[in-house]
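For reference, the structure discussed in these notes is given below.
Order of the sequence lines fixes the chain letters, A, B, ..., with proteins taken first and strands second; residue numbering starts at 1 for each chain.
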Amino acid sequence: MLHIQNTLSGKKELFTPIHPGKVNMYVCGMTVYDYCHIGHARVLVVFDVITRYLRKIYGADNVTYVRNITDIDDKIIARAIENGEDINTLTNRFIAAMHEDADALGVKCPDIEPRATEHMDEILQMIQILIDKGLAYQGDNGDVYYQVSKFSTYGQLAKRNLDDLQSGSRVEVEQSKRDPMDFVLWKMAKEGEPSWDSNWGKGRPGWHIECSAMSTNCLGDHFDIHGGGLDLKFPHHENEIAQSEGCTGHKFVNYWIHNGFVRVDDEKMSKSLGNFFIIREVLQSYAPEVIRYFILSSHYMSPLNYSDENLDKAKASLTTLYQALLDIDSVDENADDSALDEQSDYTKRFEQAMDDDFNTPMAIAVLFDMSHELNRLKSTDVQQAGVLAAQLKRLAELLGLLENNAQQFLQGSCSEGGLADDEINALIEQRATAKQEKNWSECDRIRDVLDAEDILLEDTAEGTRWRRK
RNA sequence: GGCUGAAUGGCAGAAUGGCUAUGCAGCGGAUUGCAAAUCCGUGGACCUCGGUUCGACUCCGGGUUCAGCCUCCA
């Protein structure tokens, strides 16, 4: 039985879909004006795993995963001007880059990936309803605002009331707002900015209304799960609730899931602090699966400290797992007994961990237990080892891990100026000859040469194998 | 200032009112020409002060420290 920590209630709750057997989930995606950093990677990976697990429980076709793209906002406009680039060219470029990064990390495509600019009609409709209901107004400057004080439960998600919020306000108040907390739904276009026609004049939507409109349009006005980074909880998600529930008069989302931040030196990784690491840069030094493992090695709500040290550890841990799979991937990949698998203690423990609010560190611990048994089995019962290996891979797949060929993962790929595979193999051949002649000093010399190139050798009964450090 | 959430062994990171997390690193042993990998074994922790309890790292309260939000942010 799946339990989810619901930000709305602050409690871990049994998950019950609105429509039995079907799950609808919306996650706030990226604003596409720059490359994705590791913080973005975390949202991508976390909700990818959540989706994988939901699909496992409810069936692949019964889960609808929507992750939007914000392709119009101030930052995008500013960046386009800065680059002297057309806005669409800019956003398309970064959407493509985001997809490349997601692919590399093994993140599967969402079922629907709506773009704000493609949902302008729904956005306009929603704003009109809010105005008609007296929840929104047009200010003197032409901008349309949501009147927060008219929505009695405002602050329910952030667990703050309006007084709390206002007392801490550190932003200059726009004078055409009736209340400092009111937020913009429609912004009048300035000269030369992209704009859409509306009842209130040429302009563009505020960020919050985009998500309300897109989610409702894709999933209906009441759906199961809404996710995103913790930093979106307030005001973004709070405002989404105000907008959507203001429009419909009923509940918007049942379960809110927020993932924690990635930190650098105990500080939030963010664009504004400038302490961010771009995914594609990190991929120069670490295999994508290492990043994925690193992200999943802590619970999705906990803070996650980004450092080379921690990525190195992630790599070492993954290496251990892959070592267990070595010499075995070809054995019994398909000939597994899934009936047996369903009952197995490992599967049970793994699912218990995942059922408990997607506890991936605990699930990974089960994977390690399996790998140890697998190593034992390899020398005693090859048949059983094959079955267990298949089971291990099947469970790991729910996390998007161990999907590579073990040997390929361990050997990695040749870095610039490094030894190519055939050069390595040639040296190993030489060493094998020396070995036969029991010329140990020559053996060690060759091993040292390879070691200097970050190639590690392992002598086994079947011969010598190697991997890159 | 207000609000929210954290504090676990050398590091990373879970669970749990009484019983092994797990990984990396360390130590001892097996194995190996020597290593590596693997296996077997092993040391080491629960921020602080009170309270509840037969018993608390785990529940409650105070304190300290840290992070986040109250602006754009995943």
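Distances were taken from every side-chain heavy atom of A:F261 (C-beta onward) to each of B:C24, B:C70, B:G68; the shortest belongs to B:G68. The side chain of A:M269 sits closest to B:A74 out of B:C70, B:A21, B:A74. Taking the side chain of A:R160 as heavy atoms from C-beta on, and the options B:C72, B:C69, B:G23, the nearest nucleotide is B:C69. Comparing B:U4, B:A74, B:C72 by their closest approach to the side chain of A:K233 singles out B:U4.
Atom P of nucleotide B:C69 and atom CE of A:M181 are separated by 15 Å, given to the nearest angstrom. Nucleotide B:C72 holds its C1' atom 14 Å from the NE2 atom of A:H237, rounded to whole Å. Rounded to an integer number of Å, the gap from CZ of A:F368 to C1' of B:A14 is 13 Å. Rounded to an integer number of Å, the gap from A:H37 NE2 to B:A74 P is 7 Å. Whole-Å rounding puts the A:F276 CZ to B:C72 C1' distance at 14 Å. With rounding to whole Å, A:R349 atom CZ is found 13 Å from B:U20 atom P. The nearest whole Å value for the distance from the NZ atom in A:K271 to the C1' atom in B:U71 is 17 Å. Straight-line distance from the NE2 atom of A:H226 to the P atom of B:A74: 13 Å, rounded to whole Å.
Of the residues near RNA chain B, A:A158 and A:S317, the one whose nearest nucleotide (by heavy atom distance) lies more toward the 5' end is A:A158. The nearest heavy atom of RNA chain B to A:K12 and to A:E309 marks one nucleotide each, and the one closer to the 5' end goes with A:E309.
With respect to A:K177 and A:D182, no salt bridge is recorded, no charged nitrogen being found less than 4.0 Å from a carboxylate O. In this structure, A:E373 does not pair ionically with A:R376, as no charged nitrogen and carboxylate oxygen lie closer than 4.0 Å.
Atom P of B:A7 sits at a distance of 9 Å from the matching atom of B:A14, rounded to the whole Å. For B:G2 and B:G18, the C1' atoms lie 41 Å apart once the distance is rounded to whole Å. Spacing between B:C59 and B:A74 at atom P, rounded to whole Å, works out to 34 Å. Using C1' as the reference atom, B:A37 and B:C24 are 16 Å apart when rounded to the nearest Å. Atom P of B:A12 sits at a distance of 16 Å from the matching atom of B:A25, rounded to the whole Å. As rounded to the nearest Å, B:C39 and B:U64 have C1' atoms that lie 46 Å from one another. Going from the P atom of B:C49 to that of B:G23 covers 32 Å, rounded to whole Å. Only the C1' atoms considered, B:U53 is 12 Å distant from B:C60, to the nearest whole Å.
Distance alone, capped at 3.5 Å, is enough to place a donor-acceptor pair between the A:D357 side chain and the A:Q5 backbone. Between the side chain of A:E458 and the backbone N or O of A:R465, no donor-acceptor pair lies under 3.5 Å.
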Filtered N/O pairs between nucleotides 31-38 of chain B and protein, under 3.5 Å:
| from | atom 1 | to | atom 2 | distance (Å) |
| --- | --- | --- | --- | --- |
| B:G33 | O6 | A:R431 | NH2 | 3.4 |
| B:G33 | N1 | A:D444 | OD1 | 3.0 |
| B:G33 | N2 | A:D444 | OD1 | 3.3 |
| B:G33 | N2 | A:D444 | OD2 | 2.7 |
| B:C34 | O2 | A:R447 | NH2 | 2.4 |
| B:C34 | N3 | A:R447 | NH1 | 3.0 |
| B:C34 | N3 | A:R447 | NH2 | 3.3 |
| B:C34 | N4 | A:D459 | OD2 | 3.2 |
| B:A35 | N6 | A:D459 | O | 3.2 |
| B:A35 | N1 | A:D459 | N | 2.9 |
| B:A35 | N3 | A:R447 | NH1 | 3.0 |
| B:A36 | N1 | A:D459 | O | 3.3 |
| B:A37 | O2' | A:Q323 | OE1 | 3.4 |
| B:U38 | O3' | A:N375 | ND2 | 3.0 |

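Defined by atom type and a distance below 3.5 Å, a donor-acceptor pair is missing between the side-chain atoms of A:D421 and A:Q411. Between the side chains of A:D345 and A:T347, no donor-acceptor pair is found at a separation under 3.5 Å. The closest side-chain donor-acceptor pair between A:E240 and A:Y26, if any, does not fall under 3.5 angstrom. When only modelled atom types and interatomic distance are considered, A:N141 and A:S176 share a side-chain donor-acceptor pair under 3.5 Å.
Residue-level contact check: A:N359 touches the backbone only, with heavy atoms under 4.0 Å from sugar-phosphate atoms and none from bases. Residue-level contact check: A:K75 touches the bases, meaning some heavy atom is under 4.0 Å from a base atom. Using a 4.0 Å heavy-atom distance criterion, A:G228 is classed as a sugar-phosphate-only contact. At a threshold of 4.0 angstrom between heavy atoms, the contacts of A:G29 are confined to the sugar-phosphate backbone, with no base atom among them. A:N259 comes within contact range of at least one nucleobase, with a heavy-atom separation under 4.0 Å. Base engagement by A:V262 is indicated by at least one non-hydrogen atom pair under 4.0 Å involving a base atom.
Nearest heavy-atom pair across A:K159 and A:L8 is NZ-O, 3.0 Å. In terms of heavy-atom proximity, A:S298 sits nearest to A:T360 at O-OG1, 3.6 Å.
Within residues 291-304 of chain A, the residues having any heavy atom under 4.0 Å from RNA chain B are, by residue number, A:S297, A:S298, A:H299, A:S302, A:P303.
The strand RNA chain B forms stems, runs of 3 or more Watson-Crick or G-U wobble pairs with distances below 3.5 Å, at B:1-7 with B:64-70, B:10-12 with B:22-24, B:26-30 with B:38-42, B:47-51 with B:59-63.
Between A:N239 and the choices A:Y154, A:F151, A:Y146, the side chain to side chain contact (heavy atoms under 4.5 Å, CB included) rule is met once, by A:Y154. Exactly one of A:R292, A:R42, A:K108 qualifies for a salt bridge (charged side-chain N to carboxylate O under 4.0 Å, His left out) with A:D48. That residue is A:R292.
Atom CD1 in A:I77 sits 13.0 Å away from atom OH in A:Y33 (nearest 0.5 Å).
No cation-pi contact links A:R67 to A:F47, judged by a cut-off of 6.0 Å to the six-membered ring centre and 45° from its axis.
The side chain of A:K159 places no N or O atom within less than 4.0 Å of a non-bridging phosphate oxygen (OP1 or OP2) of B:C70.
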